[in-house]
Amino acid sequence: MSSTIITIGLHASASTWVFNIVRELLIAAHGADHLVAAYADETDKIPPADGRHRLIKSHHGSPGMDAWLATAPVRMILSIRDPRDAAISMAQRFDAPLAHTAHWLLTDTERMRRLATGTAPVLRYEDRFFDRPETVATLAAHLGLDVPADIQAEIFARYTAAAVRAFTRTIADLPPERIAMVGDSPMEITTQLHRRHLGDTTSLKWHSLPADQQRELTRLYRRFLIRFGYQR
């Protein structure tokens, strides 16, 4: 029986790591021919399943997408991060003003507050879930996927920070059919990894900001910070 799984994360919350771990687990359990995977924030971007397992990656979403999520038989996995740190990470990696990235993240935070109802697992960046091999086993168990431990270890190894950094340095050299452009960054289509994907992965970046900027970001994200128990 086919299934639909969606990984939804704040930008810069290791959401692409989650997407790829789930994608690899599904392939290991069911085979690549029985999986379709794509990015979608709008319903018209959701690929047809056609009897296959379907995996969707999403960030800010849309009213139509969230209405679909409320009625469709979809399993969600959520990833979060202190949005003050996430906004700084986005600004650093994409050479964008912090004021701009802060507002990009606001839509993510409001969506996450709506979706985190207690039925979907919430992976917290500050717990460093992406550095822990046991996260792969946790996701496999949550999805009911029977994947041997040695295959899980291989999957984890492919997506360590060092492995991802090495891979993203080679993306521009891949065949054109494997590449899509995200702004000025070439992205590998299957993994959705691009050359600006990883920052320094540290937390509490926002503590280095001037006091007035710290207060403004804390005000902007107040409801999210309260909902998920972040320092204010």
Side-chain angles (χ1 to χ4, degrees), residues 1-11 13-79 107-108 111-112 114-117 119-123 130 135-152 154-156 158-159 164 167-168 171 174-183 185-194 197:
M1 183 177 179
S2 63
S3 61
T4 296
I5 300 162
I6 184 166
T7 62
I8 303 176
L10 264 68
H11 283 84
S13 69
S15 56
T16 305
W17 186 94
V18 179
F19 167 79
N20 277 303
I21 297 300
V22 173
R23 183 180 62 81
E24 297 261 16
L25 286 169
L26 286 165
I27 290 171
H30 301 294
D33 291 343
H34 296 281
L35 174 67
V36 57
Y39 182 89
D41 278 323
E42 305 279 350
T43 53
D44 62 358
K45 302 298 184 183
I46 299 172
D50 295 331
R52 296 169 292 178
H53 296 279
R54 178 169 52 184
L55 175 62
I56 301 165
K57 180 177 182 281
S58 186
H59 283 303
H60 52 75
S62 63
M65 183 77 158
D66 289 354
W68 177 79
L69 286 174
T71 59
V74 178
R75 303 184 71 172
M76 287 192 297
I77 299 170
L78 310 177
S79 60
T107 302
D108 290 3
R111 187 188 198 198
M112 201 61 65
R114 294 192 303 269
L115 295 180
T117 61
T119 58
V122 179
L123 302 174
F130 46 89
T135 306
V136 180
T138 298
L139 291 171
H142 172 71
L143 297 171
L145 299 175
D146 184 13
V147 177
D150 60 332
I151 301 300
Q152 292 185 24
E154 290 174 9
I155 292 171
F156 177 80
R158 280 197 286 275
Y159 296 95
V164 169
F167 176 70
T168 57
I171 287 176
L174 294 173
E177 62 271 17
R178 291 187 58 187
I179 296 174
M181 296 302 295
V182 178
S185 293
M187 179 188 76
E188 198 281 322
I189 294 170
T190 301
T191 60
Q192 299 187 20
L193 292 168
H194 55 79
H197 220 103

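What you see is a predicted model, and the numbers here were worked out from it, not measured in a lab.
Although no hydrogens or angles enter the test, the distance criterion places no donor-acceptor pair under 3.5 Å between the side chain of His34 and the main chain of Ile27. Without hydrogens or angle criteria, His53 side chain to Ser3 main chain gives a donor-acceptor distance under 3.5 Å. When atom types are taken as modelled, the side chain of Arg54 and the backbone of Pro47 share a donor-acceptor pair closer than 3.5 angstrom.
For the atom pair Leu10 CG and Ser79 OG, the distance stands at 7.0 Å (nearest 0.5 Å). The CG atom of Leu193 lies 6.5 Å from the OG1 atom of Thr16; values are rounded to the nearest 0.5 Å. Atom-to-atom distance recorded for His194:NE2 and Ile171:CD1 is 8.5 Å, nearest 0.5 angstrom. Put simply, NE2 on His142 and CG on Leu25 are 12.0 Å apart, with the number rounded to the nearest 0.5 Å. To the nearest 0.5 angstrom, His59 atom NE2 is 12.5 Å from Thr107 atom OG1.
For the pair Phe19 and Ala38, the tightest heavy-atom approach, listed with the atom from each and the gap, is CE1-O, 4.4 Å. Closest approach of Arg178 and Leu174 over heavy atoms only: NH1-CD2, 3.6 Å. Nearest approach of Ser2 to Gly51, heavy atoms of both residues: CB-O, 3.7 Å. The two residues Thr190 and Asn20 make their nearest non-hydrogen contact at O-OD1, 4.3 Å. Contact between Ala116 and Leu78 at its shortest, heavy atoms only, is CA-CD1, 3.8 Å. Across Ile6 and Ser58, no two heavy atoms sit closer than the pair CD1-CB, 4.0 Å.
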task = Check step by step if side-chain contact (heavy atoms from CB on, under 4.5 Å) holds for Thr168 and Glu188.
result = CA-CA 8 Å; Thr168 57; Glu188 198 281 322; over 6 Å; no
task = Show your reasoning for whether side-chain contact (heavy atoms from CB on, under 4.5 Å) applies to Val18 and Leu123.
result = CA-CA 9 Å; Val18 179; Leu123 302 174; 3.7 Å; yes
message = Apply side-chain contact (heavy atoms from CB on, under 4.5 Å) to residues Leu143 and Val22 and explain how you reach the verdict.
response = CA-CA 9 Å; Leu143 297 171; Val22 173; 3.8 Å; yes
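Annotation: Asp33, atom CG; neighbour count of heavy atoms from other residues, nucleotides and ligands within 6.0 Å does not exceed 12.
Applying the salt bridge (charged side-chain N to carboxylate O under 4.0 Å, His left out) test to every pair with at least one member in residues 143-152, sequence neighbours left out, gives no pairs at all. For residues 62-76, the pairs satisfying side-chain hydrogen bond (donor to acceptor under 3.5 Å, both in side chains) are Glu42-Ser62, Asp66-Arg111, Asp66-Arg114, with sequence neighbours left out.
No side-chain heavy atom of Thr4 sits less than 4.5 Å from a side-chain heavy atom of Ile46. Contact annotation: the side chain of Val74 never approaches that of Ile56 to less than 4.5 Å [non-hydrogen atoms, C-beta and beyond]. With contacts defined as side-chain heavy-atom distances shorter than 4.5 Å, the pair Pro186/Met181 qualifies. Residues Thr135 and Trp17 have side chains in contact (heavy-atom distance under 4.5 Å, counting atoms from C-beta outward). Using a 4.5 Å cut-off on side-chain heavy atoms (C-beta onward), Leu26 and Leu55 make contact. By the 4.5 Å heavy-atom criterion applied to side chains, Thr7 and Lys57 are counted as neighbours.
For Glu24, the side-chain hydrogen bond (donor to acceptor under 3.5 Å, both in side chains) partners are Arg158, Tyr159, not counting sequence neighbours.
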